[in-house]
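Below is one structure, written out as structure tokens; the observations come after it.
Note that the coordinates shown come from a computational prediction; the quantities given were computed from them, not determined experimentally.
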Amino acid sequence: MRIDILTIFPEMFTGPFDHSIVKRAKDKGLADIYIHNIRDYALSKHRNVDDYGFGGDAGMVMMIQPIARCMEKLKSEREYDEIIFLTPDGVLLDQSLSNKLSLKGNLIMLCGHYKGIDERIREHFITLEVSIGDYVISGGELAAAVLADSLIRLIPGVLNDEMSALSDSFQDQLLSHPVYTRPAEYNGWKVPDVLLSGNDKEIRKWQSEKAIERTKARRPGLLDQ
Ligand code: 6GU
């Protein structure tokens, strides 16, 4: 998978992709992430990327030309499966959307800022608008990092059997069961006996019961889906 991220804050991406599973995917050649500074595509020598919105609304709007020029360049080099705009008014990201997108080859992710981006970018370039939840964050960058991480870990070959994504929370519409490691007792706090029993069938049964119990208690809506 190749992901091209368009942003006015490229420095925000030093970090999120350099550790853990995403780093592993990059090292294995299973994911390539390219960060593009929209400002590099600005027309003016002041490198402006935003302007006052028409209509007198307070707030700046990201202008068309720098984003369009960056998009046109990328699209001339390869085909993209989706051109995604990260925005709080997009479709809510969930595991099923991540699963679908993880099967794609080339993706563009555009990070918005200020009051928004000129609507014509959305009409003429964007094929999918994604929100990461019903709350507001200051820009699309952290949302793009979340989306990219959630897709990359699902690419076949990124996780080994032990890390398997199949037991992730949400993968089967259930939250994960509790987990424990040594010591078996700390401060009088004991690991459930069944986990020490060596009885594989009983352990799976306990894990499944706990996953259902936890989902019922915390996210009952997941069980109806
Ligand atoms: Cl994608 N962007 C912003 N700014 N806020 C959000 C979001 C995206 N998703 C949820 N809140």
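Under the 30°/60° scheme for interplanar angles, the aromatic rings of H113 and F9 are found to stand perpendicular.
Sparse packing is recorded around OH of Y52, with 12 or fewer heavy atoms of other residues, nucleotides or ligands lying under 6.0 Å away. Within a 6.0 Å sphere centred on CZ of R78, heavy atoms belonging to other residues, nucleotides or ligands number more than 12. The number of heavy atoms from other shown groups lying within 6.0 Å of CZ (R120) does not exceed 12. The environment of NZ in K28 is crowded: more than 12 heavy-atom neighbours from other residues, nucleotides or ligands sit within 6.0 Å.
When E141, M109, M12 are each tested for a side chain to side chain contact (heavy atoms under 4.5 Å, CB included) with I5, only one passes: M109.
Annotation: salt bridge (charged side-chain N to carboxylate O under 4.0 Å, His left out) contacts of D27 (sequence neighbours excluded): K23.
Although no hydrogens or angles enter the test, the distance criterion places no donor-acceptor pair under 3.5 Å between the side chain of N187 and the main chain of W189. Between the side chain of N99 and the backbone N or O of Q95 there is at least one donor-acceptor pair closer than 3.5 Å. In this structure, the side chain of D81 engages the main chain of N106 through a donor-acceptor pair within 3.5 Å.
Between the side chains of Y41 and R39, not a single donor N or O lies within less than 3.5 Å of an accepting N or O. A donor atom on one side chain and an acceptor atom on the other are not found under 3.5 Å apart for E209 and H177. No side-chain N or O of T87 forms a donor-acceptor pair with one of E129 less than 3.5 Å apart.
Between I152 and I3, some side-chain heavy-atom pair lies under the 4.5 Å cut-off.
Of the charged side-chain nitrogens involved, at least one lies within less than 4.0 Å of a carboxylate oxygen, so that R122 and D89 count as a salt-bridged pair. Electrostatic pairing of K216 and E213 does not count as a salt bridge here, judged by no charged N lying under 4.0 Å from a carboxylate O.
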